[in-house]
Amino acid sequence: MTITGKTRVCGVIGEPIEHTLSPIMHNAAFQALNLDYIFLAFRVKPAGVESAVDGMRALNIRGLNVTMPHKSTIIKHLDRVDLSAQIINSVNTILNKENLLFGFNTDGIGALKALKENGVELKGRKVLLLGAGGAARAIAYAMAKEADELAILNRTVKQAQVLAKLLEKSFNKKIAAGSLSPSDIQSNIRDSDILINATSVGMKPKADESPVAPKLFRSNLAIMDIVYNPLETKLSKEAKAAGAKVVSGVEMLIYQGAASFEIWTGKSAPVGVMRQAALDHLQKV
Ligand code: ATR
């Protein structure tokens with residue numbers, strides 16, 4: 001890779017940021033398409049968000065991914081924000097177009113594509129979503145739009161209820177909300193076609209946990225666990241053992257990254273290259 005005076009800069013801001021896979025995926029993609037771009041990770045503290053946005057303008061940084069804890073607080077510093085990102089109050093991608101900053105959220109598109117590209121259709125289906133945090137909000141928006149029915153269960157029930165009400169208003173669809181209690185999970189999983197875990201349960205170092213009892217899995221239930229550390233979670237293993245179709249969380253990561261890449265470069269993302277780079281890195285660490 002040759003860095004020149006014309007090289008365009010993209011990056012990701014967040015705190016912590018050291019474990020991000022975005023530089024790995026995006027630099028591999030830029031190289032594969034021979035694009036004169038580079039991608040870097042910047043550790044930005046909550047108090048530094050406004051300065052980071054000013055810096056993006058001043059340094060003519062082409063694009064940024066935004067991760068925890070800035071996805072909501074960054075919104076007020078942008079010039080235009082996509083409607084879906086406004087509704088879920090979360091931006092994970094910024095495009096700098098002639099010094100105007102446009103905000104988007106590609107997490108929902110990422111989840112949708114991860115399912116569709118792996119053969120899981122949403123039309124006419126019921127989705128059961130576990131979680132109502134940052135990632136879950138973006139996924140819930142996409143599922144409310146594409147699937148026929150949606151139920152949202154969360155440890156903090158109030159948060160699931162607020163999210164369900166917000167999406168009911170946007171999509172004019174009835175959306176159920178509940179807790180992560182065994183009885184709420186059991187009653188909702190029964191008539192669901194797709195289960196998505198968007199809680200952090202099962203993430204290292206607590207990889208021996210799962211939000212769902214294994215006896216509830218069945219072969220005609222598709223599963224996506226957005227946790228990708230470990231690569232195969234307890235939930236994924238148990239669902240697979242019951243014959244369920246399982247989509248890895250890495251897929252959502254790749255497709256959200258691919259959507260950001262396309263926003264910045266206007267080119268079709270080399271998804272296979274991004275997947276390989278992410279998997280190689282995850283297997284190393
Ligand atoms: P992210 O940006 O990854 O979505 P987040 O916004 O902090 O992170 O959301 C984490 C999600 O995991 C939330 O739904 C959270 O539930 P609460 O809203 O009740 O906090 C859920 N979560 C985290 N730890 C959990 C645990 N031990 N049991 C159940 N749910 C948990």
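Order of listing sets the numbers, starting from 1, for every ligand and every atom in it. As the structure is a computational prediction, the values presented were derived from the model and not from experiment.
Counted by atom type alone, Thr67 and Asn92 present zero donor-acceptor pairs between their side chains at under 3.5 Å. No hydrogens or angles considered: a donor-acceptor pair under 3.5 Å links the side chains of Gln276 and Asp280.
At a threshold of 4.0 Å, the pair Glu232-Lys240 counts as salt-bridged, since one of the basic side-chain nitrogens sits closer than that to a carboxylate oxygen.
Contact shell of ligand 1 (protein heavy atoms, cutoff 4.0 Å): Met68, Gly131, Ala132, Gly133, Gly134, Ala135, Asn154, Arg155, Thr156, Gln159, Leu180, Thr199, Ser200, Val201.
Evaluation of the salt bridge (charged side-chain N to carboxylate O under 4.0 Å, His left out) rule for Arg80 yields no partner, not counting sequence neighbours. With sequence neighbours excluded, no residue satisfies salt bridge (charged side-chain N to carboxylate O under 4.0 Å, His left out) with Arg155.
Note on residues 49-63: pairs passing side chain to side chain donor-acceptor pair (under 3.5 Å), not counting sequence neighbours, are Arg57-Asp79.
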